[in-house]
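A short write-up of the structure that comes next.
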There are 2 protein chains.
Amino acid sequence: MSVTIKDIAKEANVSTTTVSRVLNNKPDVSDKTKKKVLEVINKLGYNPNGIARGLVLQKTYTIGLIIPDICNPFFPEVARGIQDKARQLGYSVIFYNTDNNKQREKEAIDLLKSKQVDGIILSLSMSNKEELDKLEEENFPVVQIDRKIPGSIFPTVTIDNILSAYNATKYLIELGHKYLAHITGNLGTKTGQDRLEGFKQALKEFNLDYKDEYILEGDYSKESGYKQMKTLLTQKKRPTAVFAANDLMAIGAYEAIFDYGLKIPEDISIIGHDDIDIASIIRPGLTTMTQPKYKLGQIAAEMLIKRIEGLESDNQQEVVLNTELIVRDSTGGWNDEE
Amino acid sequence: MSVTIKDIAKEANVSTTTVSRVLNNKPDVSDKTKKKVLEVINKLGYNPNGIARGLVLQKTYTIGLIIPDICNPFFPEVARGIQDKARQLGYSVIFYNTDNNKQREKEAIDLLKSKQVDGIILSLSMSNKEELDKLEEENFPVVQIDRKIPGSIFPTVTIDNILSAYNATKYLIELGHKYLAHITGNLGTKTGQDRLEGFKQALKEFNLDYKDEYILEGDYSKESGYKQMKTLLTQKKRPTAVFAANDLMAIGAYEAIFDYGLKIPEDISIIGHDDIDIASIIRPGLTTMTQPKYKLGQIAAEMLIKRIEGLESDNQQEVVLNTELIVRDSTGGWNDEE
DNA sequence: TTGAAAGCGCTAACAC
DNA sequence: GTGTTAGCGCTTTCAA
């Protein structure tokens with residue numbers, strides 16, 4: 001049906017080998033035949049069959065991407081970074097959503113392997129070490145993103161949540177705040193734990209008191225931010241600044257504060273985390289920490305492809321990216337004399 | 001390196017043909033040999049080579065997805081719908097972002113074809129009819145999403161923007177509003193034109209005056225919404241309700257209204273379009289029209305795969321999906337007596 | 001019920 | 001500089 005290398009060989013009166021040679025820019029072809037072959041290729045509208053090529057080369061120039069959910073606002077930019085870099089390096093990307101379901105993760109890996117992808121970038125559920133181990137055994141090229149499964153030896157690109165929370169908190173402290181509260185994320189998640197850890201570290205570093213009643217667990221939802229902020233506001237001495245583990249909870253906190261007739265940042269400073277779209281749109285603009293999502297994707301893709309092409313051997317490589325503080329209007333200086 | 005059908009054939013003392021037969025659940029294999037083969041497969045940890053299979057079958061069980069940008073909030077859900085449905089039907093998806101760049105679109109199509117995908121779901125820039133024509137000529141399975149290139153014969157899944165704008169406007173009218181304004185999208189886009197058209201149709205249908213000064217062109221940005229709302233507010237008779245062609249502009253309009261010390265919806269009702277995340281988070285909650293993005297993806301994938309598998313012949317098929325009104329707090333009843 | 005052989009479209013030794 | 005041949009891993013006639 002489709003025009004093959006054979007067709008163009010026949011038409012050009014050369015062997016398929018010769019055609020293959022010009023196709024792949026190999027030397028040892030006279031300019032004359034090369035020109036002729038090229039002409040025929042153009043005339044017949046030839047498009048090489050990557051599948052056939054993949055079979056003999058044992059290489060598909062395709063990588064797999066396994067993520068929990070492309071609809072999670074963290075991932076589109078990551079995926080975009082991966083695809084852009086992959087494309088630039090000559091690779092395509094097949095993607096799967098798993099919803100952190102172990103069965104689906106296994107299915108995705110098996111499928112990707114049967115499609116003979118050259119490598120896989122993945123973000124697996126923390127408990128799924130088995131699959132990673134299998135991949136490891138086969139020495140399959142893999143790069144983990146966003147989360148690193150403990151004990152796995154594959155290279156990793158992650159965000160430094162501890163440092164990020166530390167920096168967010170430090171910013172608040174440097175603004176003059178002494179009574180700092182933290183609405184944590186779900187403490188069942190590594191991210192939630194890390195951000196809490198960073199918060200604590202900053203307090204310690206600046207010799208500020210650690211108050212249990214100033215640390216309340218949320219679940220990343222706006223509602224939980226609202227609820228926990230209310231709790232914070234009813235305490236005898238209310239905090240003058242709060243770090244919410246994500247922007248959604250920060251926005252929930254906004255509402256609780258407005259409900260109390262207080263002002264941001266005059267009465268209370270709020271800092272969030274993630275820099276979702278809403279952060280720049282809401283009033284006052286939410287000061288937050290932004291994650292280098294696109295860059296994370298790019299780096300992961302580059303690492304994987306280097307590994308695939310044997311340009312990189314260090315399997316233990318761990319890239320930890322820093323977030324960046326975005327100062328908007330929800331945070332302000334504080335002076336306890338006033 | 002990897003274990004092949006040959007390895008398991010040897011180990012099981014049968015021919016590769018027999019192995020292939022049990023792999024594909026073909027009849028004419030004795031239960032005994034079948035069992036034995038299955039055992040060996042398990043023992044050796046065999047994973048079929050889809051590339052080799054694809055070569056002989058001329059079928060890869062892979063589809064392509066070409067979109068402008070996965071970071072555009074419209075697409076993640078669409079992509080998710082496509083991937084979920086594809087997976088359910090046994091297909092994988094390779095995706096490309098093109099930024100509406102014609103060169104990149106061509107590149108993506110060529111690459112996908114060389115990867116021998118079984119079909120493509122795409123959203124091309126409106127001017128890129130050539131590529132579509134080529135695909136058409138080859139009778140390649142394609143489904144267009146979001147936008148239909150005029151004159152193309154491929155099946156399409158789109159959102160009915162005219163009807164959607166009509167319904168948004170109608171809702172405002174039924175609330176009692178008689179002075180309706182519209183901040184349009186970029187009128188260089190089909191979407192912008194269609195939403196304006198729907199607005200006009202509703203006015204006409206309800207015998208309301210069409211006022212040029214009540215129709216101001218924006219560019220989908222929050223800033224343009226702000227600016228045009230200001231213009232609206234400075235007119236002698238200001239509108240009591242405005243339909244913004246997207247939520248971002250609606251939110252810009254919010255700010256202009258607040259700047260004037262006016263209240264939503266008491267002084268002015270606002271309705272947006274798209275139901276982005278922010279719509280439910282901002283106060284007052286933004287009434288808007290939501291697009292069935294996930295469903296659009298699912299339908300597109302199902303249409304494409306049916307076509308690939310020859311279960312569907314009607315190439316002219318056009319599915320037009322309706323949006324749904326989400327009533328929040330930015331719209332209220334109006335009575336001109338008051 | 002089973003196997004031998006051909007071939008999918010391509011690349012790579014190897015020979016000329 | 002060019003062609004012959006074999007083979008990548010699989011499915012599918014066709015014959016036994």
Side-chain angles (χ1 to χ4, degrees), chain A residues 1-38 40-41 44-62 90 110-118 138, chain B residues 1-38 40-41 44-62 90 110-118 138:
Chain A
M1 37 174 306
S2 192
V3 22
T4 77
I5 210 178
K6 252 191 206 160
D7 299 324
I8 90 114
K10 191 186 290 172
E11 182 80 11
N13 279 313
V14 294
S15 73
T16 59
T17 311
T18 304
V19 178
S20 173
R21 277 199 264 260
V22 345
L23 244 24
N24 296 292
N25 271 313
K26 298 265 161 111
D28 295 335
V29 188
S30 75
D31 284 356
K32 200 175 127 213
T33 40
K34 185 169 182 175
K35 188 168 160 245
K36 188 163 151 209
V37 168
L38 253 15
V40 178
I41 283 179
L44 266 46
Y46 172 75
N47 197 346
N49 183 325
I51 290 292
R53 177 181 276 165
L55 185 58
V56 24
L57 259 31
Q58 308 274 34
K59 184 147 182 26
T60 54
Y61 290 96
T62 302
D110 287 345
L111 224 58
L112 251 12
K113 274 169 45 185
S114 101
K115 302 244 175 201
Q116 310 296 114
V117 296
D118 298 330
E138 303 165 37
Chain B
M1 41 174 296
S2 190
V3 23
T4 76
I5 210 177
K6 252 190 205 162
D7 300 324
I8 91 111
K10 193 185 291 173
E11 182 80 12
N13 279 315
V14 294
S15 70
T16 59
T17 311
T18 303
V19 178
S20 172
R21 277 199 265 258
V22 344
L23 245 23
N24 297 291
N25 270 313
K26 297 267 163 110
D28 295 334
V29 188
S30 74
D31 283 355
K32 200 176 127 212
T33 40
K34 184 169 181 175
K35 186 166 161 247
K36 187 162 154 211
V37 169
L38 253 14
V40 178
I41 285 181
L44 265 48
Y46 172 74
N47 197 347
N49 184 324
I51 291 292
R53 180 181 270 164
L55 185 58
V56 22
L57 257 31
Q58 309 273 32
K59 184 144 180 28
T60 55
Y61 291 96
T62 302
D110 286 346
L111 225 57
L112 251 12
K113 274 169 45 184
S114 100
K115 302 245 174 200
Q116 309 297 115
V117 297
D118 298 331
E138 304 164 38

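Every chain is numbered from 1, with letters handed out A, B, ... down the list of sequences.
Separating the CG atom of A:Asp28 from the C1' atom of C:dA13 is a distance of 13 Å, rounded to the nearest angstrom. Distance, A:Lys115 NZ to D:dC10 P: 15 Å, rounded to whole Å. Taking atom CG of residue A:Asn13 and atom P of nucleotide D:dT2, one finds them 13 Å apart after rounding to whole Å. For the pair B:Ile5 CD1 and D:dG7 C1', the computed distance is 16 Å after rounding to whole Å. Here the P atom of nucleotide D:dG9 and the NZ atom of A:Lys59 are 16 Å apart, to the nearest Å. Between B:Tyr61 atom OH and D:dC10 atom C1' the separation is 14 Å, expressed in whole Å. To the nearest angstrom, C1' of D:dG3 lies 17 Å from NZ of A:Lys10. Atom CD of A:Gln116 and atom C1' of D:dG9 are 9 Å apart (whole Å).
Using a 4.0 Å heavy-atom distance criterion, B:Asn49 is classed as a sugar-phosphate-only contact. Counting any heavy atom pair closer than 4.0 Å across all strands shown, A:Pro27 reaches no nucleic acid atom.
Regarding contacts with the backbone of C:dT11, every side-chain N or O of A:Gln58 stays at 4.0 angstrom or more from both OP1 and OP2. Between B:Thr4 and D:dC8 there is no side-chain polar atom (N or O) within less than 4.0 angstrom of OP1 or OP2. Applying the 4.0 Å criterion to OP1 and OP2 of D:dG3, one finds that A:Ser15 has a side-chain N or O inside that range. The phosphate of C:dG9 (OP1 or OP2) has no side-chain N or O of A:Arg53 nearer than 4.0 angstrom.
Both A:Tyr46 and B:Asp31 lie close to DNA chain C; mapped to their nearest nucleotides by heavy-atom distance, the more 5′-ward contact belongs to B:Asp31.
Not a single salt bridge (Lys or Arg N to Asp or Glu O under 4.0 Å) links B:Asp7 to another residue, sequence neighbours left out. Residues meeting the salt bridge (Lys or Arg N to Asp or Glu O under 4.0 Å) test with B:Lys59, sequence neighbours left out: B:Asp118. The ring-ring contact (aromatic ring centres under 6.0 Å, His included) search around A:Tyr46 returns none, not counting sequence neighbours.
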Full working for side-chain contact (heavy atoms from CB on, under 4.5 Å) between A:Thr4 and A:Thr16: CA-CA 10 Å; A:Thr4 77; A:Thr16 59; over 6 Å; no
Intermediate values then yes/no, side-chain contact (heavy atoms from CB on, under 4.5 Å), A:Ile5 and A:Ser20: CA-CA 7 Å; A:Ile5 210 178; A:Ser20 173; 3.9 Å; yes
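At a cut-off of 3.5 Å, with distance as the only test, a side-chain donor of B:Lys115 or A:Thr62 sits close to an acceptor on the other residue.
Using a 4.0 Å cut-off on heavy atoms, the residues of residues 17-26 of chain B that approach DNA chain D are B:Thr17, B:Ser20, B:Asn24, B:Lys26, listed by number.
Annotation: the terminal axes of the helix from C:dT1-D:dA16 to C:dC16-D:dG1 meet at 40°, where each axis is the rotation carrying the C1' atoms of four end pairs onto the next four (5 pairs per end, rounded to 10°).
For A:Leu55, the side-chain atoms get nearest to D:dC8 when compared with the rest of D:dC8, D:dC10, D:dT12. Considering only side-chain atoms of B:Leu57, the nucleotide from D:dT11, C:dA4, C:dT1 that sits closest is D:dT11. Nearest to the side-chain atoms of B:Val56 among the listed nucleotides D:dT2, D:dC10, C:dC10 stands D:dC10.
Under the salt bridge (charged side-chain N to carboxylate O under 4.0 Å, His left out) criterion, no residue pair touches residues 17-31 of chain A, with sequence neighbours excluded.
Looking at A:Val22 and A:Leu38, their side chains come closer than 4.5 Å, going by heavy atoms from C-beta outward.
Counting only distance, with no hydrogens or angles, the side chain of B:Thr60 and the backbone of B:Gln116 share a donor-acceptor pair below 3.5 Å.
With A:Val40 as reference, A:Ile8 is the one residue of A:Asn13, A:Ile8, A:Val19, A:Val3 to meet the side-chain contact (heavy atoms from CB on, under 4.5 Å) rule.
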